[in-house]
Amino acid sequence: MPKPYTLIAAEVSLYSGKARAYLRYKRVGFDELFASRKVLVEIVRPKTGLAMIPVLLTPSGEAVQDTTAIIDHVEAVHPARSVYPSTPLLRLASLLLELYGDEWLLLPAMHYRWHYKRQNLGLILSEFGKIIAPGLPAILHPLAGLPLAAYFGGNYGRALGINRHNRAAIERSYEAFLADFDAHLAEHPFLLGSRPSVGDFGFMGPLYAHLYRDPAPGQLMRRTAPRVADWVERMNAPTTSDDEPGRFAADDEPPRSLDPIFRRLFTEHWPVVADTLAAVDRWVRAHPDKARISRFVGEHSFTIDGATTTRWIQSFTQWMAQRPLDAYHALAPDDRARADRWLARVGGDQALRSQPRTRVERVHNRLVPIRAQSG
Ligand SMILES: N[C@@H](CCC(=O)N[C@@H](CS)C(=O)NCC(=O)O)C(=O)O
């Protein structure tokens, strides 16, 4: 019998891993439809206007793109086993962690996949070849996958700011992250307790298809952070026997063992986020006639572990960042005081104070500015 939902996805795709693990955890029945070029051309593009995966086809005929939109769609229909903690600080923490996973662990994911070609390329080319021409004999897949590999492998460096100046720094930062996450997992099965939150699913994107499954980083993870590898496996195979999915941390307190991860988030990632909010605002003011915000809105420099280089500013980051910012600004005074104490402990005490001057929203899968009404 067909299941109510269909997830258009691929094992090799980063954000597919996030959506797949989430849908399994929620126990909403779904079939996975392999995102071949034919599926992209015949279903994804006409239904979403984009050539991006994953896409969720819902029982009511909608096509939802973007993993965060997929999660929010499914949460609204199936509130049981919510991935959003109901208490305010944990909720804020989960949104920050989702943002960090989606947008910042992307750097090591792309770096390790494309830099360690000798180890990874065999697998990647065959999987890309399957996307382009699933009907071809497997032996020809690597050849068919070359153009797609050239596209992704050729563009990520400039867009994300990954090059010879910061490769070693990205590896130092990621290895430190792995050690911190591994130590955290010695105390808690998931990021915020014994139950996965939206932050875990954000982490699952980069930590599955690329950093667990690609041979070179996969070996690094299994060797240096075996608990992280176990977590990836747990996230992909949630226990289905009991209805009680576990608990979020007690007393609405983000676990202390996450402090180093939050500290890295606020030192490395948040300056990029803050700069992005300012750049989106400038871009929108400079383009009053444009209904949609361009995917890239300029270039800026950023620093990871002492290495500075430039990257393209991605407007989408603002849409993700508005989520924790909104959660912070909606806190009741007592909760805000508690949040500020926690944020000060992890170096984020100023980070969330100001809101973006221009807000953005997604309309038909495009980012649009919410302009102040004139008159
Ligand atoms: N933020 C989106 C990103 C989706 C995305 O970037 N998907 C990748 C594959 S993992 C893709 O389709 N990229 C095509 C492109 O960037 O043109 C999400 O959460 O779904």
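Counting starts at 1 for both ligands and their atoms, following the listed order.
Looking at atom 16 (O) of ligand 1, its nearest protein heavy atom turns out to be R295 NH2, 3.0 Å. The nearest heavy-atom contact from the protein to atom 19 (O) of ligand 1 is T67 OG1, 2.5 Å. Among protein heavy atoms, the minimum distance from atom 8 (C) of ligand 1 is reached at I53 O, 3.7 Å. Ranking the protein heavy atoms by distance from atom 2 (C) of ligand 1 puts D66 OD1, 3.0 Å first.
Each of D259, V228, L258, I261 was compared with D180 under the side chain to side chain contact (heavy atoms under 4.5 Å, CB included) criterion, and only I261 meets it. Of the candidates L191, T68, D200, V83, E98 forms a side chain to side chain contact (heavy atoms under 4.5 Å, CB included) with just one, namely T68. For the side chain to side chain contact (heavy atoms under 4.5 Å, CB included) test with R113, the passing option among H210, Q119, R213 is H210; the others fail.
Proximity of Y151 to ligand 1, defined as any heavy-atom pair under 4.0 Å, is confined to the side chain (atoms from C-beta onward).
No side-chain heavy atom of R345 sits under 4.5 Å from any side-chain heavy atom of F262. F203 places none of its side-chain heavy atoms less than 4.5 Å from the side chain of Y208.
Salt bridge status for K26 with E75: present, with a side-chain N to carboxylate O gap under 4.0 Å.
Considering backbone and side-chain atoms together, K18 places no N or O closer than 3.5 Å to any N or O of ligand 1. Taking any N or O of Y15, backbone or side chain, none lies under 3.5 Å from an N or O belonging to ligand 1.
Near F316, with a cut-off below 4.0 Å to any heavy atom, the atoms of ligand 1 are 1 (N). Counting the atoms of ligand 1 from 1 in the order shown, those under 4.0 Å from a heavy atom of Q65 are 4 (C), 20 (O).
More than 12 heavy atoms of other residues, nucleotides or ligands lie within 6.0 Å of CD in Q355, so this atom counts as buried by the packing criterion.
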